[in-house]
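None of the values given here were measured: they were computed from a predicted structure. We name chains A, B, ... by the order of the sequence lines, and we start the count at 1 in each one.
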There are 2 protein chains.
Amino acid sequence: MSAANPERDADYLGRLRDYYAENRRIPSFQRIAELMGFASKAAASKLMDRLAHAGFFERAPDDDAWVPGERFFERPLAEMAVRAGAPDMIEASQGQLFLVDRYLVRQPSRTVMVPVKGDSMIDAGIHDGDIVVVVRTKAANAGDFVVAIVDNEFTLKELALERGKFVLKPHNPAYPIIRPQGELEIFGVVSGLVRRYRD
Amino acid sequence: MSAANPERDADYLGRLRDYYAENRRIPSFQRIAELMGFASKAAASKLMDRLAHAGFFERAPDDDAWVPGERFFERPLAEMAVRAGAPDMIEASQGQLFLVDRYLVRQPSRTVMVPVKGDSMIDAGIHDGDIVVVVRTKAANAGDFVVAIVDNEFTLKELALERGKFVLKPHNPAYPIIRPQGELEIFGVVSGLVRRYRD
DNA sequence: TACAGTAGTGAACATTCGTTCTGTCGTGGG
DNA sequence: CCCACGACAGAACGAATGTTCACTACTGTA
């Protein structure tokens with residue numbers, strides 16, 4: 001090969017990712033050409049072939065439409081400590097890549113996202129408005145953060161042992177420890193957390 | 001109205017969600033008709049109008065293609081309090097895998113994931129080992145959490161104004177406020193956060 | 001310097017797409 | 001009972017789509 005230009009394709013890929021984030025769909029060849037400044041759709045077609053070959057796109061199983069591939073959702077991962085060269089070097093740093101969903105969700109069929117209400121766990125760094133990743137299971141251990149069902153309501157607390165009985169311990173001194181009289185119904189265990197800051 | 005049937009539309013919506021989970025795209029009217037058993041595309045068009053009116057679909061800002069709306073990805077657990085039926089009712093089909101990434105990343109080409117080292121922001125609920133979502137930009141405002149470059153190292157702090165000058169304020173009383181003598185180089189602004197709890 | 005591989009051009013083509021219109025059928029309210 | 005309304009059928013239409021092919025421009029290598 002003589003004139004392959006990976007940088008240019010990386011730039012094109014960035015624009016396609018931005019388009020997808022905004023429109024939640026892959027543009028048509030016509031619009032790809034407009035976005036990239038091509039004058040012909042064939043160039044867009046070849047670009048997609050290249051990116052598909054690199055794993056960023058696939059064909060839909062149903063029809064032949066383009067669909068984001070695995071690597072399309074990869075995000076660059078920058079290390080804070082190791083800062084050697086110019087700051088812009090870090091972008092392409094070491095090819096370290098990060099899949100958000102894969103990082104957080106390991107068993108999709110058993111995983112639920114639950115928005116957090118209230119600040120009873122604020123000392124554990126779980127704020128009102130955060131979204132916790134919950135794996136549905138009854139098997140929780142003391143020390144786990146769990147979503148339990150108390151008085152027909154969901155509540156997020158730490159599962160703790162107190163004199164051989166399970167209790168729900170908030171991480172906020174303003175809240176009391178919950179000592180269920182009957183049995184304690186566990187909805188799931190918190191396995192992750194997601195927070196979005198205002199724009 | 002005389003023959004509106006919300007149940008039937010709910011079933012249709014379920015099939016559309018399944019299709020989207022598999023193909024990561026919304027089918028054409030033609031294929032919708034096949035999926036639902038319609039004999040005409042017009043029926044599919046009207047179905048989409050109904051579902052769009054209910055908030056499950058939208059038109060893409062760019063062209064007029066159909067695009068999943070807000071409620072399309074809505075997880076059946078949004079309301080923690082309202083717990084009516086059996087807990088297994090809450091289970092959902094798949095299709096959730098992309099929610100997190102979509103929730104956090106809005107401008108993919110400018111977004112970097114940065115692991116957090118240290119506990120200088122612990123009072124803001126940002127712990128050691130968390131991963132922050134950083135939008136690369138120099139344009140930060142006071143009050144933003146920023147990743148700045150100080151002494152050739154990354155540091156995560158709140159950007160604050162002190163007597164008309166920008167300073168970096170930790171959220172941990174054990175750390176001092178950083179008052180850069182020269183100018184302050186901003187790497188990016190924190191727009192989100194991801195945390196994973198040990199399994 | 002000559003060559004080979006790649007990115008992009010420009011036009012033609014059949015196919016598929018979404019839209020629109022008229023019409024049929026069943027149901028629920030007056 | 002009748003009538004209005006909503007779901008769906010069915011066909012027609014222009015616009016947009018993806019594919020293909022021959023061609024040009026550029027660039028690094030032998």
>> Can you list everything that forms a side-chain contact (heavy atoms from CB on, under 4.5 Å) with A:Asn172? Sequence neighbours excluded, please.
In response: A:Asp119, A:Ile122, A:Ala174, A:Tyr175
> Which pairs with one or both residues in residues 160-181 of chain A pass salt bridge (charged side-chain N to carboxylate O under 4.0 Å, His left out), sequence neighbours excluded?
Replying inline: A:Glu162-A:Arg179
> Of the residues in residues 58-66 of chain B, which ones touch DNA chain C at a heavy-atom distance under 4.0 Å?
Replying inline: B:Arg59
>> Give the residues of residues 15-35 of chain A touching DNA chain C, defined as any heavy atom closer than 4.0 Å, sorted by residue number.
In response: none
> Got more than 12 heavy atoms from elsewhere within 6.0 Å of CD, B:Glu34?
Replying inline: yes
> Between B:Phe38 and B:Phe29, is the ring centre distance below 6.0 Å?
Replying inline: no
> Mind checking what makes side chain to side chain donor-acceptor pair (under 3.5 Å) contact with A:Arg25, not counting sequence neighbours?
Replying inline: B:Asp63
>> Report for the helix from C:dT1-D:dA30 to C:dG30-D:dC1: angle between first-end and last-end helix axes, five pairs each, rounded to 10 degrees.
In response: 30°
> With sequence neighbours excluded, what pairs up with A:Tyr19 under the ring pair (Phe, Tyr, Trp, His ring centres under 6.0 Å) test?
Replying inline: none
>> Under the ring-ring contact (aromatic ring centres under 6.0 Å, His included) definition, can you give me all pairs with a residue in residues 119-150 of chain A, not counting sequence neighbours?
In response: A:Phe145-A:His171, A:Phe145-B:Tyr197
> Any idea how A:Phe98 and A:Tyr103 line up, ring-wise: parallel (<30°), tilted (30 to 60°), or perpendicular (>60°)?
Replying inline: tilted
> In the hydrophobic clustering that connects Ile, Leu, Val, Met, Phe, Trp and Tyr at side-chain heavy-atom distances below 4.5 Å, which members other than A:Ile178 occupy its cluster, ordered by chain and number?
Replying inline: A:Val146, A:Val150, A:Leu159, A:Leu161, A:Phe166, A:Leu168, A:Leu184, A:Ile186, A:Val189
> Rest of the hydrophobic cluster containing A:Val167 (Ile/Leu/Val/Met/Phe/Trp/Tyr, side-chain heavy atoms under 4.5 Å)?
Replying inline: A:Ile177
Please list every donor-acceptor pair under 3.5 Å in which a side-chain atom of residues 42-58 of chain A meets a protein atom from a residue at least two apart or in another chain.
from	atom 1	to	atom 2	distance (Å)
A:Arg50	NH1	A:Asp9	OD1	2.8
A:Arg50	NH1	A:Asp9	OD2	3.1

Check nucleotides 8-11 of chain D against the protein and report each pair of N or O atoms closer than 3.5 Å, with its distance, or say if there are none.
from	atom 1	to	atom 2	distance (Å)
D:dC8	OP1	B:Tyr12	OH	2.9
D:dC8	OP2	B:Arg50	NH2	3.2
D:dC8	N4	B:Lys46	NZ	2.9
D:dA9	OP1	B:Ala39	N	3.0
D:dA9	OP2	B:Ala39	N	2.7
D:dA9	OP2	B:Ser40	N	3.4
D:dA9	N7	B:Ser40	OG	3.4

> Starting at CG of B:Asp49 and ending at P of D:dA7, how long is that distance when rounded to a whole Å?
Replying inline: 11 Å
> Is there a side-chain contact between A:Ile32 and A:Tyr12, using heavy atoms and a 4.5 Å cut-off?
Replying inline: no
